[in-house]
Amino acid sequence: MPEATSKKAAPTPMADALIEKAGRRDALFGIVGLGYVGLPLAVELAGAGYRVLGFDISERVVDGLNAGRSHVKDISDEQLAGVVRAGRFEATTDMSRMGEPDAISICVPTPLSKFKDPDVSYIVAATEAVKQTLRRGQAIILESTTYPGTTREILQPALESTGLRVGEDFFLAFSPERVDPGNPTWQTRNTPKVVGGITPACARVACALYQPAIERLVPVSTTEAAELVKLLENTFRSVNIGLVNEMAIVCDKLGVDVWEVIEAAATKPFGFMKFLPGPGLGGHCIPIDPHYLAWKMRGLNYKTRFIDLAGELNTEMPLFWVRKVAEALNLQGRAVRGASVLVLGVAYKRDIDDIRESPALDIIRLLEGQGARVSYHDSHVPCFTEDGHEYRSVALTPEVVGAADCVMVVTDHSDIDYRMVQRQAKLVVDTRNAMPKEA
Ligand SMILES: NC(=O)c1ccc[n+]([C@@H]2O[C@H](COP(=O)([O-])OP(=O)(O)OC[C@H]3O[C@@H](n4cnc5c(N)ncnc54)[C@H](O)[C@@H]3O)[C@@H](O)[C@H]2O)c1
C-alpha cells in the first residue's frame, strides 16, 4: 500500500543534508531529457541559482544547447546562452556522469505503443542510466506523465536493486510537469507544482529542491496521487473537449453556430467553463495521457467510459471536418478528387511549432486519400515528413490563397492575415472560428 506523507515525517540525516544544500543553492541538478519539458525546467533551476547538468541521448540537442542554441520555442537563445555563459548550465550525452548531480529530474517522453498502450521504455532506459551510478544522498524525481504506480513499481525496485534504501539513502518522488508551450502567462516558475514522495522524507526533499525555482509547491500524500493529478487534469480537458466537439456536430445538424452558443453560455458567471471545439486533439499530452489511465484501469477490470467516449469523439473530428470540405466543394460543383486544398496551420495549437499528434496530419492524410492535392502554410513549421512524404510550407500570398479550391483553417495561428484569406479564397472551411465575422 502507498505510504502517506501526512504521517509524522521521520527526518533522516541524508534528507536534511540535501535540504540544506538546496537552501544554499549549491546542489547540482541533473535533468534527463532536454525537450519541451526538461529544457524550460533546467533554465528555471539555473536561473534560481543552481548549477544544472542536462542529459540527453541526442548529440544534436546537446551540441546545440552547449552552443547556446535553443530548440524549444519557449526558451530564447539569449536566455539559454545567459545560463551557459554563467557556467550554470551544461548538457551532455555522457550518462556515466549521472552520479554527479545531487538531484535528478527525469523528463523523458511517454508515448503510446502501436496498440495505444503506455510505452514506458524511455522511463525504463532513463532509470537504468540513473541506477548505474546511484549513490547515497541523491534525489530522483520523475516528471514524465505516466500511469499511477509507475514510480513505485518501476523506479523504486530498479533503484533499490543497488542495495540503497529509498527514503534513507536516496529519495524518490513524482512531480508532474504542467508546462503549456506558448503560454505567455503561465510558465514553469509561476505554475504551482504538485509533488508526491515515496516516503515523507522523499516529499520533503523534493519540495525543498524545487522551492527556489517554483513559486508554489503542492505536496500530496503519495506518488500515486501525484501521478493521478496529472492524468485527471488532462482527462478533464479531453472529456470537455469531447463534449464541445459533440456539440459542434449537434449544432451542425441543427444549423446553429456552435461558437455563438458557447460564447453566450460562457457569460454565465458560475458553473460553466469554456472549452472550444476544433479539428481534434493534438500534442504530446491530451490525446495520449488518458490512455495511460484507461490502460491501468483495464488491468484492474474497470472500463473508463468517459475517457473512451471522449477519445472516440475527438478522434473522429478530422473526419467530420474533411466531410465539411467535401460538402462545401460539392455545393460548388466540385469533387474532393482533383481539388486543391490549402491547409492553414499544421501545429497542434496556436503559435507553437509542435506537430506531434496534430489533427492536421490526419486531415491531410484523409484529404489525400480522397484524391485532393494538399498544400499547407505554417510559419512555425517550415517543413515536416509524414509517412515518408516531405511537405514544405508555401508562402501565404493572395495568389496562393486565390488559386486553392478550398482553404481549410486547421490551426488558428495569430500571424495569419485572415482578412486577406477571406478576400481571396474561393471557399473557406474554418475548424477554429478564426475567420473574421461579417458585420
Ligand atoms: N510537451 C508538453 O507540453 C508536456 C507538458 C506536460 C508534460 N509533458 C510530459 O513530459 C514528458 C516529456 O515530454 P516532452 O514534450 O518534453 O518530450 P520531448 O520529446 O520534447 O523531449 C524529450 C527528450 O528526452 C530525450 N530522451 C529520450 N530518452 C532519453 C534517455 N533515455 N536519456 C536522456 N534523454 C532522453 C529526447 O532525446 C528528447 O530530447 C512526457 O512524459 C510528456 O507527456 C509534456
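Counting convention: from 1, in listed order, for ligands and their atoms alike. These figures come from a predicted structure and were not determined experimentally. The basis for the numbers below is simple: all heavy atoms, side chains too, and nothing from hydrogens, waters or symmetry mates.
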Short side-chain donor-acceptor distance under 3.5 Å, H284 and D354: no

Any donor-acceptor N/O pair, T431 side chain to V409 backbone, under 3.5 Å: yes

Any Y292 side-chain heavy atom under 4.5 Å of L112 side chain: yes

Neighbour count above 12 (heavy atom, 6.0 Å) for F306 CZ: no

Atom 23 (C) of ligand 1 - nearest protein heavy atom and its distance: D56 OD2, 3.6 Å

Test item: I19 and V205 side chains (from C-beta on) under 4.5 Å apart, heavy atoms: yes

Test item: L281 and I241 side chains (from C-beta on) under 4.5 Å apart, heavy atoms: yes

Any N/O pair V37/ligand 1 closer than 3.5 Å: yes

S58-ligand 1 polar pair, N/O distance under 3.5 Å: no

cation_pi(K296, Y147) dist<6.0 Å, angle<=45: no

Backbone of V166 reached by a side-chain donor or acceptor of E160 within 3.5 Å: yes

Atom indices of ligand 1, in the order listed, that fall short of 4.0 Å to a heavy atom of E177: 6 (C), 7 (C)

Under 3.5 Å: donor-acceptor pair, side chain of D56, backbone of A91: no

Heavy atom of the protein closest to atom 24 (O) of ligand 1 (residue, atom name, distance): G33 CA, 3.2 Å

Numbered atoms and elements of ligand 1 in range of P109, under 4.0 angstrom, heavy atoms: 19 (O), 22 (C), 24 (O), 27 (C)

Heavy-atom nearest neighbour of atom 11 (C) of ligand 1 within options V108, N234, T145: V108

Shortest protein contact, atom 21 (O) of ligand 1 (heavy atom only): G35 CA, 3.2 Å

Ligand 1 to R356 polar contact by distance, N or O atoms, under 3.5 Å: yes

Under 3.5 Å: donor-acceptor pair, side chain of N190, backbone of T185: yes

Polar atom proximity, Y348 to ligand 1 (N or O, under 3.5 Å): no

Atom 26 (N) of ligand 1 [closest protein heavy-atom partner, distance rounded to 0.1 Å]: I57 CG1, 3.8 Å

V32: numbered ligand 1 atoms lying under 4.0 Å from its heavy atoms: 32 (N), 33 (C)

Interfacing atoms of ligand 1 (cut-off 4.0 Å, heavy-atom, T110): 40 (C), 41 (O), 43 (O)

Atoms of ligand 1, numbered as shown, that sit under 4.0 Å from any heavy atom of P181: 3 (O)

R356 atom CZ, over 12 foreign heavy atoms within 6.0 Å: yes

Ligand 1 versus M98: contacting region, heavy-atom distance under 4.0 Å: neither

For atom 13 (O) of ligand 1, the protein heavy atom that lies nearest, with its residue and separation: H284 CD2, 3.5 Å

Atom NZ of K116: over 12 foreign heavy atoms under 6.0 Å: no

Carboxylate-amine/guanidinium contact R305 D308, below 4.0 Å: no

Subset of ligand 1 atoms that lie under 4.0 Å from at least one heavy atom of V179: 2 (C), 3 (O), 4 (C), 5 (C)

Ligand 1 to E143 polar contact by distance, N or O atoms, under 3.5 Å: no

Part of C285 within contact of ligand 1 (heavy atoms, under 4.0 Å): side chain

Contact check, K230 vs ligand 1, heavy-atom distance below 4.0 Å: yes

Proximity of P176 to ligand 1 by residue part, where a heavy atom lies under 4.0 Å: neither

Any side-chain heavy-atom pair of H380 and I352 under 4.5 Å: no

Part of S144 with heavy atoms under 4.0 Å of ligand 1, whether side chain, backbone, both or neither: both

Close-contact set for ligand 1 against Y122 heavy atoms, below 4.0 Å: 27 (C), 28 (N)

